[in-house]
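Worksheet for the structure shown next.
What you see below is based on every heavy atom in this structure, not just the backbone, and it leaves out hydrogens, waters and symmetry mates. Each chain gets a letter, A, B and so on, in the order the sequences are listed, and its residues count up from 1.
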There are 2 protein chains.
Amino acid sequence: MASIHEVAKAAGVSISTVSYALSGKRPVGESTRARVAEAARRLGYQPNAGARMLAGRRTQLLALTAPLHAETSAPAHMAFVLAVATAARRYDYDVVLLTEDEASGGLSRVTSSKLVDGIVVLDVAVNDQRLDLIRELGIPSVLVGVPADTAGLVCVDLDFETAARLAVDQLANQGHRSIALLGDPHGIYQRGSNFQQRFRDAFSTRVAERHLDYTFVESSQNPVELRTSIDSLLSVVPRPTGLVMQCAEPSQRAALEHLAGRGLRIPADLSVISATSTFDTSQLSPPLDVIPLIPEESSGRAIELLMAALEGPLDPMVELIPPRYVVRDSVAGPPTGTDPVTVNH
Amino acid sequence: MASIHEVAKAAGVSISTVSYALSGKRPVGESTRARVAEAARRLGYQPNAGARMLAGRRTQLLALTAPLHAETSAPAHMAFVLAVATAARRYDYDVVLLTEDEASGGLSRVTSSKLVDGIVVLDVAVNDQRLDLIRELGIPSVLVGVPADTAGLVCVDLDFETAARLAVDQLANQGHRSIALLGDPHGIYQRGSNFQQRFRDAFSTRVAERHLDYTFVESSQNPVELRTSIDSLLSVVPRPTGLVMQCAEPSQRAALEHLAGRGLRIPADLSVISATSTFDTSQLSPPLDVIPLIPEESSGRAIELLMAALEGPLDPMVELIPPRYVVRDSVAGPPTGTDPVTVNH
DNA sequence: GCCGTTGATCGAAGCGCTTCGATTCACGCC
DNA sequence: GGCGTGAATCGAAGCGCTTCGATCAACGGC
């Protein structure tokens, strides 16, 4: 509750000296600085946020726009929201959460009332309605994700195309000739969620380049449908010997489960790679090779860029974070002809 | 970008008149009010947030503190965060997100810098470290959840005790004499998440009151462990004929799945109730009877109370929202002796 | 020894809004 | 006809901070 005046009085200096001593925007004598710092500490001084916004040019607040459809794969979203908030704090920024219905209205509101210094856009759709607004708002903004039209935008994301290639190549290099991709449920592609589409498309492109047999199936929350999908995968001829799972954690768990039930040993009978997963695959059985999607990484980089944009205009760009391939115990060469597999039915 | 001065000039009045015309805090002539409103609209006037905070006594900002441990059952949390933000907007409030590590530090910061008018506490632990701080902060606050010590606090939550009783009674009244509860994974109880404990404890109390045989097992993310738990449930003598699932959606799905695999028909062989679920159980097979936990309800009420607290001090209280029981197709009487069940092994 | 310099500090002007008197004007009453 | 009354409007004082000159003292060079 202490104001800058009280700190000034306690330290025996003027309020402007307090301001400079605390912000470091002008040199202040060492002893003075120490006295001010001590007084501020002792009084528990916290600059009034409103006054700061009004007088300064920074509000120390960021807008975080994340639709957060209750249905969407929430765990991953949550991790991103969390990561953005945490990263922002490293720069002394707090985050104002803008959701769903308010997506566009909220952005104009917090922008024109000068509540926030910048915007982080999460859960970017391929054709996102928020983007035109972002473009015309002219306020520093960074997207985590890559929409169809990136003109005038700063985007950060994992390089899903490379990730897809990495997955394909890993299997191809081990000698697999027939591979499969277990993607997300239909609704996710349909909704235009950007990265799943990018991954899937790059995957099929790479598979063609490597001249592999390729099967794509969508997963499902419904275990019966999921099993049907997996069964249909396994009945493809030639049977896929490599599987990439790019879907939510429960689906990956359920898929492993079902594969085990079908008598398939991983990696002896089937090599499996978990792709763009935000969870810990070392806890699965077997621990899966994984190309992780690390929310802290993309979000952290997004905040870095946003902070740079606050200093001065940034050129539009799309920054893709190189994926990593983590080896565990789920990939090997394809089963040899002399070691035929029995698939339970 | 228009300021109140420009609106005043455009409408040919003083800035104070603009302020009163827009806020309605003093009577303004009808024609004047119309002119002001029109000018504001035409100029796209949005009051400067900082100036408002500084001059007024409201910041129109709420702190939302939600640990959001990345591991915790995220989907439900997300829904609550979303619901709070949405409810706040109905009162023209925005929400500043405070997470994890920052839980306490963040609260002091946004409070003493007068950034926020009030606090919503989510994901309350039985013994939550944030609560002492909340108590001494003396700023309007509402918890969604009920901690062990509610002294001096305003809490809102579903009445989990009644929900538990409702579930037990529903089965007991149908004639079931042996029932089981499939709870959350061990870690959740251990972490002190409040409502799961309350539900479990009330459940066992009620079961004793109704003189039923009772089995409790924890669930697991790991499908193998989950199945083991369920198997151990089913081998209890007398075999439970009623099951209440109070765990995350994937576990409920997996459990149903496994039960079907074991050859148990629902509700013919086993009656099942889904409790405190935030998802749509009508999409499961079979559609489950459910005692829903509705984030919009608790969060909405929390915001209502918080708004009341902003008007004037509220007496500490614990407001429990009565649960509802939704009938679908998963509960019937216990199997009769003449209709013995074969359980696959 | 005087002046220009430089570094440290201060004073004051806002930032854009809310809010509290004060003012103005039209009206009706004695 | 003067005055009280009340509604409508205005002016100005902050809210607590940042920031831009201005001031001041100490110092070295001539």
Side-chain angles (χ1 to χ4, degrees), chain A residues 1-40 43-61 92 94 109-117 310, chain B residues 1-37 39-40 43-61 92 109-117 310:
Chain A
M1 311 298 128
S3 80
I4 196 172
H5 285 98
E6 316 185 41
V7 176
K9 189 153 66 169
V13 297
S14 71
I15 63 162
S16 52
T17 301
V18 173
S19 180
Y20 287 126
L22 260 25
S23 74
K25 293 191 179 175
R26 270 197 195 179
V28 167
E30 187 43 51
S31 68
T32 309
R33 153 172 286 129
R35 250 183 311 131
V36 170
E38 166 58 16
L43 297 173
Y45 171 65
Q46 280 285 73
N48 178 294
R52 221 177 200 188
M53 291 187 193
L54 185 54
R57 50 183 47 126
R58 294 288 175 83
T59 67
Q60 303 297 111
L61 243 29
D92 204 30
D94 273 301
R109 181 165 41 78
V110 299
T111 295
S112 55
S113 69
K114 298 219 189 318
L115 213 213
V116 302
D117 293 337
L310 292 178
Chain B
M1 312 298 125
S3 80
I4 197 173
H5 285 99
E6 316 186 40
V7 176
K9 190 153 68 171
V13 297
S14 72
I15 63 162
S16 52
T17 299
V18 173
S19 180
Y20 288 127
L22 259 25
S23 73
K25 294 192 180 176
R26 271 197 193 179
V28 167
E30 188 42 52
S31 68
T32 309
R33 155 172 284 129
R35 251 182 311 131
V36 169
L43 297 173
Y45 171 66
Q46 279 285 77
N48 178 294
R52 222 177 197 188
M53 290 187 193
L54 185 54
R57 51 184 45 123
R58 295 287 175 82
T59 66
Q60 303 297 112
L61 244 29
D92 203 30
R109 183 166 41 78
V110 299
T111 295
S112 55
S113 69
K114 297 218 189 316
L115 212 214
V116 302
D117 293 336
L310 292 178

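Both Gly56(A) and Thr32(A) lie close to DNA chain C; mapped to their nearest nucleotides by heavy-atom distance, the more 5′-ward contact belongs to Thr32(A). Between Ile15(B) and Ala55(B), the residue whose closest nucleotide on DNA chain D is further toward the 5' end is Ile15(B).
With hydrogens and angles left out, the side chain of Tyr20(A) and the base of dC20(D) share a donor-acceptor pair within 3.5 Å. Side-chain to base pairing of Ser16(B) with dG11(D): one donor and one acceptor N or O lie within less than 3.5 Å of each other.
Rounding to whole angstrom units, NE2 of residue His5(B) and C1' of dG11(D) are separated by 11 Å. Rounded to whole Å, the distance from CD on Gln60(A) to P on dC17(D) is 14 Å. Nucleotide dA8(D) holds its P atom 13 Å from the CZ atom of Arg35(B), rounded to whole Å. The CZ-C1' distance, from Arg57(A) to dC15(C), rounds to 11 Å in whole Å. Lys9(A) places its NZ atom 15 Å from the C1' atom of dG16(D), with the value rounded to the nearest Å. Rounded to an integer number of Å, the gap from NZ of Lys114(A) to C1' of dC17(D) is 18 Å. The CG-P distance, from Leu54(B) to dC17(C), rounds to 12 Å in whole Å. Rounded to an integer number of Å, the gap from Glu30(B) CD to dA7(D) P is 16 Å.
Close to dT19(D), at under 4.0 Å from its OP1 or OP2, lies no side-chain N or O of Arg26(A). OP1 or OP2 of dC10(C) sits under 4.0 Å from a side-chain N or O of Thr17(A). For the pair Tyr45(A) and dC17(D), the criterion of a side-chain N or O lying under 4.0 Å from OP1 or OP2 is met. Regarding contacts with the backbone of dT18(C), a side-chain N or O of Arg52(B) is found under 4.0 angstrom from either OP1 or OP2. When the side-chain nitrogen and oxygen atoms of Lys25(A) are compared with OP1 and OP2 of dT19(D), one or more of them lie within a distance under 4.0 Å.
The minimum heavy-atom distance between Leu54(A) and Ala51(B), with the atom names listed, is CD1-CB, 3.7 Å. Ile15(A) approaches Ile4(A) most closely through the heavy-atom pair O-CD1, 3.6 Å. When all heavy atoms are compared, the tightest approach of Pro47(A) to Ser113(B) is O-CB, 3.3 Å. Across all their heavy atoms, Met53(A) and Leu61(A) have their closest contact at CE-CD2, 3.6 Å.
For Ile4(B), the listed nucleotide lying nearest its side chain is dT18(C); candidates were dT18(C), dC20(C), dT19(D). Comparing dT9(C), dG16(C), dT9(D) by their closest approach to the side chain of Val28(A) singles out dT9(C).
Heavy atoms of Ser19(A) sit under 4.0 angstrom from at least one base atom. Within 4.0 Å of Pro27(B), counting heavy atoms only, lies at least one base atom of the nucleic acid. At the heavy-atom level, Ser23(B) lies nowhere under 4.0 Å from the strands shown.
Between Val13(A) and the options Val28(A), Val7(A), Val18(A), a side chain to side chain contact (heavy atoms under 4.5 Å, CB included) holds for only Val18(A).
Note that CZ of Arg57(B) is 11.0 Å distant from CG of Asp117(B), once rounded to the nearest 0.5 Å.
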